[in-house]
Protein chains: 2
Amino acid sequence: MTTGTSHSQSSRAVTLEHPGLESACEAIVDGLEREALVTVFGRCTVDYEGRASSTLEAGDRHVMLKPDGAVLVHTDEGQQPVNWQPPGCEHDAFCESDAEANAESADEPDGDVEPRRLVLESVRSTPEERLRVRFERVLQVSTFSGTDESDLSLSGTEEDLRQRILDEPDLLETGFTPLATERETSAGAVDVYGEDAAGRTVVVELKRRRVGPDAVGQLRRYVDALERDLHADADVRGILVAPSVTDRADRLLVDHGLEFVSLEPT
Amino acid sequence: MTTGTSHSQSSRAVTLEHPGLESACEAIVDGLEREALVTVFGRCTVDYEGRASSTLEAGDRHVMLKPDGAVLVHTDEGQQPVNWQPPGCEHDAFCESDAEANAESADEPDGDVEPRRLVLESVRSTPEERLRVRFERVLQVSTFSGTDESDLSLSGTEEDLRQRILDEPDLLETGFTPLATERETSAGAVDVYGEDAAGRTVVVELKRRRVGPDAVGQLRRYVDALERDLHADADVRGILVAPSVTDRADRLLVDHGLEFVSLEPT
DNA sequence: CGATTGATCTCGCCC
DNA sequence: GGGCGAGGTCAATCG
């Protein structure tokens, strides 16, 4: 139905430039009610309290409120937000008319006072957490709605590496036979479980990229657990599969009689 | 200049609503040259190739280009971007006039044809990676500049937990004496190194939150390494300090003769 | 819900 | 630049 440039009704972007705090607040509240994605850019402070606690003094930042409850506060640097809240929050936006704060401006009339702050608050439970962004100045408010039905198609993951081995077990070792994936042990699920040409049990731990000591520890736990689980006292081989290993990890592998096979996901 | 709240010159937000692809591109290029933070909202596809590779079919998304080279592509769900690129990229924006793509519209004149796509490309090396966002429709382009001098002040971290123990070593155990932090061993640096009332060596691994099997593996590696490093064959005590442990982790602790002390950062 | 683990993890520190 | 570990990690899966 769309030839070239006709706009689908469901896609919308509404923007206020340099709004007063009151009108900014109205636009935000309206956007949240419409389940839109809302962004606010301006000078603000940020306070967080929950799993940890943090404060951030005034500065210009970009704040994104998502309809699923997520919040992101971005500065002009870094991939990660300086502050955030995961999905599942309830967003709230309101103006603070300084009534609660300080009573120093008692000479001001009580009527149409320009509010001192625009506050964005996002709260969730389990765990109890709260993020509060206080704007003293707003340069832009936008609300976006649109449609996105597509899912990301990703390759080069650990899952791809596993599939590669299941499709061609000889890549691991001639005569290897995979018997299960995600096989449960008392130490957790093993990536690939199988046996070698001689019929010995083999535990395979997969990593999509170069590994350090932690991955060896993981493999170690699975091998130990299986040797105990099988209570046959039969030796269990542990093979780490990854593109490469660090020196320290390699030493650990040798120390504990574990093996390494170099393989990449692609 | 505007009423009441005077705007600092350095803070700016410039917005285009429903721009053509050409004018959108100009605004983006201009923003990138001015080292501004640039956002684009519209219908786009996304392709990534690098450590892994991914594709995403057309949908409405919010794209942020940061002056440090970071890119974030956000849908209306999730805290994490659906696609991204870390800081260090070179951004590029240009229009695709369909010349290279398909020659099916050969009847079109070669002159002032409305471009079919606006392309954002962000590339870096080490590792070689490329993110490409192709817009068929742009609902909004914004460029933001501002100032942000402040650093985040965070508490409730592992560092706070360490300080708590150094300030009051008896919290760990009566008679404990810390001797070093980040003490190097052949397995890496130990969080806190010290000795107990009886003069035995103690290795402390700190975690700010409830821990699982991985943390036990870490502590294990440090204890093993120290016992070998000290080559005195003297037994080394390993103590995991965290708010709590999972069942599996607790079993591992017991199995390997390690100890646990419950402590929180705050 | 909690537990476990992967991730294009990112980030910072230190060699 | 690589190694190593923390993170308010997040997100997915499973019991």
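A, B, ... follow the sequence lines: proteins, then strands. Residue 1 opens every chain. Computation of the quantities below employed the complete heavy-atom set of this structure, encompassing side-chain atoms and omitting hydrogens, waters and symmetry-equivalent molecules.
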Report task. Run through B:Glu173, B:Glu227, B:Glu195 and flag the one making a salt bridge (charged side-chain N to carboxylate O under 4.0 Å, His left out) with B:Arg237. Result -> B:Glu173
Query raised in the report: Looking across every strand, which nucleic acid part, if any, lies under 4.0 Å from A:Gln218 by heavy atom: base, sugar-phosphate, or nothing?
Result: sugar-phosphate
Report task. Please report, rounded to the nearest Å, how far the C1' atom of D:dT9 is from the CD atom of A:Gln85. Result -> 13 Å
Grab the N/O contacts between the protein and nucleotides 11-14 of chain D below 3.5 Å, and write none if there aren't any.
residue : atom : partner : partner atom : Å
D:dA11  : OP1  : B:Gln79 : N            : 2.7
D:dA11  : OP1  : B:Gln80 : N            : 2.9

Query raised in the report: Within the side chain of B:Asp76, is there an N or O that forms a donor-acceptor pair under 3.5 Å with the backbone of A:Gly146?
Result: no
Query raised in the report: Between B:Lys66 and B:His91, does a side chain to side chain donor-acceptor pair (under 3.5 Å) hold up when you go through it step by step?
Result: CA-CA 9 Å; B:Lys66 291 196 179 191; B:His91 300 311; over 6 Å; no
**Report entry** Which residue lies more 5' along DNA chain C, comparing A:Thr126 with A:Asp191 via nearest heavy atoms
**Finding:** A:Thr126
Query raised in the report: Which part of the nucleic acid, if any, lies within contact of B:Ala187, taking any heavy atom under 4.0 Å across all strands shown: a base, the sugar-phosphate backbone alone, or nothing?
Result: sugar-phosphate
Query raised in the report: Whole Å only: how far is the CG atom of A:Leu131 from the P atom of D:dG8?
Result: 13 Å
Query raised in the report: So what does B:Arg208 hit on the nucleic acid, given a heavy-atom distance under 4.0 Å: a base, only sugar-phosphate, or nothing?
Result: sugar-phosphate
Requested in this report: Take atom C1' in D:dG5 and the same atom in D:dT9, then report the distance between them in whole Å.
Outcome: 13 Å
**Report entry** A:Arg248 side-chain N/O to D:dC4 phosphate OP1/OP2 under 4.0 Å
**Finding:** yes
Report task. May I ask you to evaluate whether B:Arg221 reaches the phosphate of D:dC4, defined as a side-chain N or O under 4.0 Å from OP1 or OP2? Result -> no
Report summary line: Comparing nearest nucleotides in DNA chain D, the 5'-proximal residue of the pair A:Trp84, A:Arg210 is A:Arg210
**Report entry** Residue pairs passing the salt bridge (charged side-chain N to carboxylate O under 4.0 Å, His left out) test where at least one lies in residues 142-153 of chain A, sequence neighbours excluded
**Finding:** A:Asp148-B:Arg61
Query - 5'-most by nearest nucleotide on DNA chain D - A:Ser53 or A:Ala249 - result: A:Ala249
Report summary line: Which of A:Val254, A:Leu253, A:Asp247 passes side-chain contact (heavy atoms from CB on, under 4.5 Å) with A:Arg251? Answer is A:Asp247
Report task. Have a look at B:Glu205 and say if it touches a base, only the backbone sugar-phosphate, or nothing, with a 4.0 Å heavy-atom cut-off. Result -> sugar-phosphate
Query - Spacing of the P atoms in C:dC11 and D:dA11 (rounded, Å) - result: 15 Å
Query raised in the report: Would a line drawn from the ring center of A:His62 to the ring center of B:His62 be shorter than 6.0 Å?
Result: yes
Requested in this report: Determine the contact category for A:Thr157: base if any of its heavy atoms lies under 4.0 Å from a base atom, sugar-phosphate if only primed atoms, P, OP1 or OP2 are that close, otherwise nothing.
Outcome: sugar-phosphate
Report task. Using the side-chain contact (heavy atoms from CB on, under 4.5 Å) rule, pick out the option among A:Glu264, A:Lys207, A:Arg210, A:Arg209 that qualifies with A:Ser244. Result -> A:Arg210
Requested in this report: Decide side chain to side chain donor-acceptor pair (under 3.5 Å) for A:Ser186 and A:Asp229; before the verdict, give the C-alpha distance in whole Å, the side-chain angles of both, and the deciding distance to 0.1 Å.
Outcome: CA-CA 7 Å; A:Ser186 55; A:Asp229 292 358; 3.0 Å; yes
Query raised in the report: Taking atom P of D:dA6 as reference, at what distance in whole Å does atom CG of B:Leu154 sit?
Result: 15 Å
Report task. Could you check how far CG of A:Asp214 sits from C1' of D:dG3, rounded to whole Å? Result -> 11 Å
Query raised in the report: Should we say atom CD of B:Gln163 is surrounded by more than 12 heavy atoms from elsewhere, each under 6.0 Å from it?
Result: yes
Query - Gap between atoms CD and P, on B:Glu128 and D:dG1 respectively (whole Å) - result: 12 Å
Query raised in the report: So what does A:Asp247 touch, heavy atoms closer than 4.0 Å: a base, only the sugar-phosphate, or nothing?
Result: nothing
Query raised in the report: So which one's nearest nucleotide on DNA chain C is more toward 5', B:Tyr48 or A:Tyr222?
Result: A:Tyr222
Query raised in the report: Is the shortest side-chain N/O distance from A:Arg51 to OP1 or OP2 of D:dG7 below 4.0 Å?
Result: no
Query raised in the report: Can you give the first and last nucleotides of DNA chain C, 5' to 3', that have an atom under 4.0 Å from a heavy atom of chain B?
Result: C:dA3 to C:dC11
**Report entry** Test side-chain contact (heavy atoms from CB on, under 4.5 Å) applied to B:Leu219 and B:Leu252, B:Asp224, B:Leu258, the passing residue
**Finding:** B:Leu258
